[in-house]
Amino acid sequence: MKIYGDPGSGSLRRVTTAARIMGVDLERVKVDLFKGESQTDDFKSRLNPHGLTPVLEDGGFVLYEASAINLYLAGKVNSPLAGTTETERFEVLQWMFWSGEQWRIFATALFDERVGKTVMGLPKDEAVIAFAEGKMRAAARVLDQHLEGRRFMVGDALTLADIDIAGPFSQIDRSKPPLRDYPNLMAWHDNLLESVPAWAETKAEVDNRIDTFLAGVGVTL
C-alpha cells in the first residue's frame, strides 16, 4: 500500500501514526504541498479531485481523507484502535465525526491564516481568525470537560478518536490554536506524547519539515 502526502502535514501524521501502531507497512510517496504537487491534473484525476493529501492507494483502490484511511487500515488488521466493543466502535466514530466538523476544520483555518498567508506575504483576515478561535474554544471546553479524569477519549486505551482529536496539536506552536487554556486537554495530549512513541516520532517529522521550510523561505512566525 502507498500513502501519498507531505511530511509536514498533520493529516498525514494521523495516518502514519496509526499505521505504525497497527504494524501496517505503508510505502511513503512524498507530495510536496509547497510546490503545488497535489494540484496537478494527474494528481487530481488519479488520486484526489480536491487536490488534497493524504491519499491511500491499495492496488486499484484509492481512498482519501485521513479518518477514512485510518478506519480502512484498522479494518484490514482488525485493530483495537477502532474500538474493541460495538459501543466503543460507535463512540470512536462519534468523536472522529465530531473532530472533523467541530474541531480540525477551524485549526486548518488558523494555519491558513497565520502560516499560509505569512508565507505568501498576504494580509491575515482577523475576522476569520477570531471566528476560528471562537469555534475552537467552544470545542475545547467540551473536550476539557470530557477529559477530566480520563487518559483517553474512549475507554481505557488509545483509539483513532485520540489520534483525530490530537491533529491540531501538530501546529500548536505555529498556527497557535487556543489550546493551552484547557488543562485537561493539555494533560491528555502530554500523555499521548509520553505514552505513544509513534505520536512523538511523527511530531518530530512534522516539526522538521515545517521549520526547515520556513527557515528556507526566511519566514519567522
Side-chain angles (χ1 to χ4, degrees), residues 5-6 8-15 17-18 33-34 38 48 50-54 64-71 90-154 158-193 196 199 202-203 206-207 210 214 219 221:
D6 190 300
S9 164
S11 293
L12 177 66
R13 181 189 182 193
R14 286 156 47 211
V15 174
T17 296
L33 297 180
F34 296 119
S38 69
N48 186 346
H50 302 289
L52 299 172
T53 64
Y64 49 85
E65 296 297 333
S67 297
I69 293 169
N70 278 346
L71 288 167
F90 279 105
E91 285 187 81
V92 169
L93 289 174
Q94 169 193 272
W95 284 111
M96 292 176 77
F97 295 158
W98 179 93
S99 182
E101 294 194 15
Q102 307 293 336
W103 186 239
R104 293 193 322 273
I105 187 173
F106 303 111
T108 298
L110 288 178
F111 182 86
D112 290 346
E113 290 296 326
R114 287 184 167 144
V115 182
K117 285 189 174 179
T118 300
V119 169
M120 293 184 289
L122 299 174
K124 302 178 185 67
D125 189 327
E126 296 298 334
V128 171
I129 289 174
F131 176 77
E133 283 196 337
K135 289 291 188 178
M136 288 208 76
R137 287 187 182 280
R141 286 194 291 271
V142 171
L143 289 175
D144 205 57
Q145 182 177 10
H146 175 74
L147 288 166
E148 185 173 1
R150 294 174 177 265
R151 295 179 67 238
F152 301 101
M153 288 298 303
V154 176
L158 183 80
T159 66
L160 294 176
D162 295 287
I163 294 172
D164 258 32
I165 289 172
F169 285 84
S170 296
Q171 306 293 348
I172 187 171
D173 294 321
R174 287 172 286 267
S175 57
K176 298 177 174 58
L179 307 180
R180 299 189 189 279
D181 296 337
Y182 304 91
N184 296 326
L185 180 58
M186 293 303 299
W188 161 80
H189 186 257
D190 288 345
N191 172 61
L192 292 187
L193 286 175
V196 183
W199 189 243
T202 54
K203 178 184 187 304
V206 170
D207 288 345
I210 298 295
L214 292 176
V219 169
L221 298 174

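Please read these numbers as outputs of a predicted model, since none were measured by experiment.
Listed by first and then second residue, the side-chain hydrogen bond (donor to acceptor under 3.5 Å, both in side chains) pairs that reach into residues 91-102 are S99-R104, sequence neighbours excluded.
Here K176 contributes atom NZ and L110 contributes atom CG; the two are 11.0 Å apart, rounded to the nearest 0.5 Å. Atom CZ of residue R150 and atom CG of residue D162 lie 10.5 Å apart, to the nearest 0.5 angstrom. The structure places CZ of F111 at 9.0 Å from OG of S9, a figure rounded to the nearest 0.5 Å. If you take CG on L160 and CD1 on I69, they are separated by 12.0 Å, rounding to the nearest 0.5 Å. Rounded to the nearest 0.5 Å, atoms CG (D112) and CE (M120) are 7.5 Å apart. Between atom CZ of residue R141 and atom CG of residue L143 there is a gap of 11.5 Å, rounded to the nearest 0.5 Å.
F90 pairs by the side-chain contact (heavy atoms from CB on, under 4.5 Å) definition with E86, L93, not counting sequence neighbours.
Across every non-hydrogen atom of G5 and L12, the tightest pair is C-CD2, 3.7 Å. Minimum interatomic distance between G8 and Q171 (heavy atoms only, all atoms of both residues): O-NE2, 3.3 Å. Across every non-hydrogen atom of A140 and L185, the tightest pair is CB-CD2, 4.1 Å. Nearest heavy atoms, L33 versus D6: N-OD2, 2.9 Å. Nearest heavy atoms, L192 versus A166: CD1-CB, 3.9 Å. The two atoms that bring T53 and S38 nearest to each other are CG2-CB, 4.3 Å, heavy atoms only.
No more than 12 heavy-atom neighbours from other residues, nucleotides or ligands sit within 6.0 angstrom of CD1 on I105. Residue K117 places its NZ atom among more than 12 non-hydrogen atoms of other residues, nucleotides or ligands, all under 6.0 Å distant.
Electrostatic pairing of D173 and R180 counts as a salt bridge here, judged by a charged N lying under 4.0 Å from a carboxylate O. Under 4.0 Å is where a charged nitrogen must lie from a carboxylate oxygen, and between R13 and D207 no such pair does. R137 and D181 are joined by a salt bridge, as a carboxylate oxygen and a charged side-chain nitrogen come within less than 4.0 angstrom of each other.
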Checklist entry - What's the verdict on side chain to side chain contact (heavy atoms under 4.5 Å, CB included) for F34 and I210, showing C-alpha distance, side-chain angles and the deciding distance? => result CA-CA 10 Å; F34 296 119; I210 298 295; 3.9 Å; yes
Next on the checklist: side chain to side chain contact (heavy atoms under 4.5 Å, CB included), that's the test. Do L71 and M96 meet it? Break it down for me.
Outcome noted: CA-CA 10 Å; L71 288 167; M96 292 176 77; 3.9 Å; yes
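Side-chain contact check for D164 and W103: no donor-acceptor pair (N or O, by modelled atom type) lies under 3.5 Å. Using modelled atom types and a 3.5 Å distance limit, the side chains of R14 and T202 yield no donor-acceptor pair.
Under the 3.5 Å distance criterion, the side-chain polar atoms of E113 are left unmatched by any main-chain donor or acceptor of K124. Within the 3.5 Å criterion, the main-chain N or O of M153 finds a donor-acceptor partner in the side chain of H146.
Counting heavy atoms from C-beta on, the side chains of W188 and I165 come closer than 4.5 Å. F169 is not listed as a side-chain neighbour of K203, based on a closest heavy-atom distance of 4.5 Å or more.
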